[in-house]
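Everything numeric here is computed off the predicted structure, so don't read it as measured data.
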2 protein chains.
Amino acid sequence: MAETRAVSNPLALAVLSYLTQRPMHPYELSRTLRNNGDDRSIKFNHGTLYMVVKQLGKAGLIREQQTSREGQRPERTVYALTDSGRQELHDWLRELIEQPQHEYPTFVAALSLLAALPPDAVIPLLRRRSQRLGEEIAQTERLIQTTLAAGVPELFLIEEQFRVTLLHAETSFVEDLIGRIADPETDWATAWAQHHSQQNSEITATEPAADLR
Amino acid sequence: MAETRAVSNPLALAVLSYLTQRPMHPYELSRTLRNNGDDRSIKFNHGTLYMVVKQLGKAGLIREQQTSREGQRPERTVYALTDSGRQELHDWLRELIEQPQHEYPTFVAALSLLAALPPDAVIPLLRRRSQRLGEEIAQTERLIQTTLAAGVPELFLIEEQFRVTLLHAETSFVEDLIGRIADPETDWATAWAQHHSQQNSEITATEPAADLR
DNA sequence: GGGGTCATGTAATAGGTTACATGATTCT
DNA sequence: AGAATCATGTAACCTATTACATGACCCC
């Protein structure tokens, strides 16, 4: 059944969600998104928003409600949610919550190719990462505090709390990884170092770089 | 300076990395990628690979080395890494390791719009998520075990270990969140429930759906 | 009263995914 | 010998990002 959604860009989800509150025109959506800081959680981009709005219109999930003109400003088209749009919003949100998606964070990609660098080059890089993760944690926590202090209910900060959780987990992992690499007992790390120290002695054609995996 | 990389698709990183071992033709890259399970960490797609190879060629990071024909199979073009390609590989990898990237996982997007569903609909969804996260953890751990048992050094499984770490952190978060929502002491959760229970009494135009944030 | 930046949108370009194509090998 | 699958690549289509445009308001 659920072929694939008519509009798959997560920005569309945000648009549907905002339109449950009241009809809006694209620029207002844009401002609201940014004001609410949702652009930290959903990739946002001026041009993309207009594209998504057009796609949603074509899919019948929103509908052009009126075009108004205020002063000499360009005409603005106001969009409203349709019934099937509301339906889609709920269905989509449910899916995203109940089903973990397989994703491709860049650090995972980097880790999968880690062997391409020598271990003693990797350690300082990991140290800097750990430090920067710490900065991001601090910054996110400050954001949470000041937003709460401004009277916003915690409900609207759950994403940021989640982010902090992930950042902590990543930090522990990185720290632990540094330890494992540096530990002279870790045999794969020593083999890794040796492999790189032989990078110039390519006369050893005995080991034909067979797939290591 | 570092304008932006000539080729930004992470699949290109994998290509550069594999070509450090020996020159290959695209299809061989494709097979190797899949055999090594790197397609779990880097989004892979047949058509994209050819695109990326072309881009890398144009950017001078790899170079066409020969075209050979074996039997009646179509001609295959073998590519080799250039010096600047090796340079780019190292530079790029370093950057990815030392600098955390801001990313947009879909669960973060969903959490940021959580308020659009009523809390008693969210709880069972989170329960199912938690359960599925458990399954993913188990599956990834089995993968790690069998791969290690096949003689692959742990160095090539660090990404999967990292994934498990993240999955555990996410599970704790989700469990905790369920608790917070269900807890009658949590005031924002009760306010949230009330907001949704009034969804039909839209006569109350006194609260003009002001930005909650 | 001229220089930013706000408000609003369109168009050009680049990037990525899916579909198509076709000979070779292998299986039954 | 016909069906399925492997091997290899190209082309068409969709998506997303960047660049372009243009009048209004605001500041000094």
Distance in angstrom units between [X] [atom1] and [N] [atom2], rounded:
{"X": "Y50(B)", "N": "dA12(D)", "atom1": "OH", "atom2": "P", "result": "18 Å"}
{"X": "H25(A)", "N": "dA7(C)", "atom1": "NE2", "atom2": "P", "result": "10 Å"}
{"X": "E28(B)", "N": "dC6(D)", "atom1": "CD", "atom2": "P", "result": "18 Å"}
{"X": "Y79(B)", "N": "dT8(D)", "atom1": "OH", "atom2": "P", "result": "13 Å"}
{"X": "N45(B)", "N": "dG16(C)", "atom1": "CG", "atom2": "P", "result": "10 Å"}
{"X": "Q55(A)", "N": "dT15(D)", "atom1": "CD", "atom2": "C1'", "result": "7 Å"}
{"X": "M24(A)", "N": "dT8(C)", "atom1": "CE", "atom2": "P", "result": "13 Å"}
{"X": "R34(A)", "N": "dA7(C)", "atom1": "CZ", "atom2": "P", "result": "11 Å"}

With heavy atoms under 4.0 Å as the rule, sort H46(A) into base, sugar-phosphate or nothing.
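The residue H46(A) makes base contact.
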Students often get this wrong, so: under 4.0 angstrom with heavy atoms, is K43(A) touching a base, only sugar-phosphate, or nothing?
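The answer is sugar-phosphate, as K43(A) gets under 4.0 Å only of primed atoms, P, OP1 or OP2.
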From the options E159(B), E160(B), E136(B), select the one residue that forms a salt bridge (charged side-chain N to carboxylate O under 4.0 Å, His left out) with R40(B).
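Exactly one candidate clears the test, E160(B).
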Looking at the side chain of N9(A), which of dG9(D), dA16(D), dG9(C) is the nearest nucleotide?
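Nearest nucleotide to the side chain: dA16(D).
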How about F44(B) and H46(B): are their ring centres within less than 6.0 Å of each other?
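When the ring centroids of F44(B) and H46(B) are compared, they turn out to be at least 6.0 Å apart.
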T48(A) vs G47(B), nearer the 5' end of DNA chain D by closest nucleotide:
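With T48(A) and G47(B) compared, the 5'-side residue is G47(B).
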Kindly determine whether R132(A) and E98(B) satisfy salt bridge (charged side-chain N to carboxylate O under 4.0 Å, His left out), including the steps that lead there.
CA-CA 8 Å; R132(A) 295 187 177 183; E98(B) 83 181 348; 5.2 Å; no
Are E175(B) and S130(B) close enough that a side-chain donor and a side-chain acceptor fall under 3.5 Å?
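S130(B) and E175(B) do have a side-chain donor-acceptor pair below 3.5 Å.
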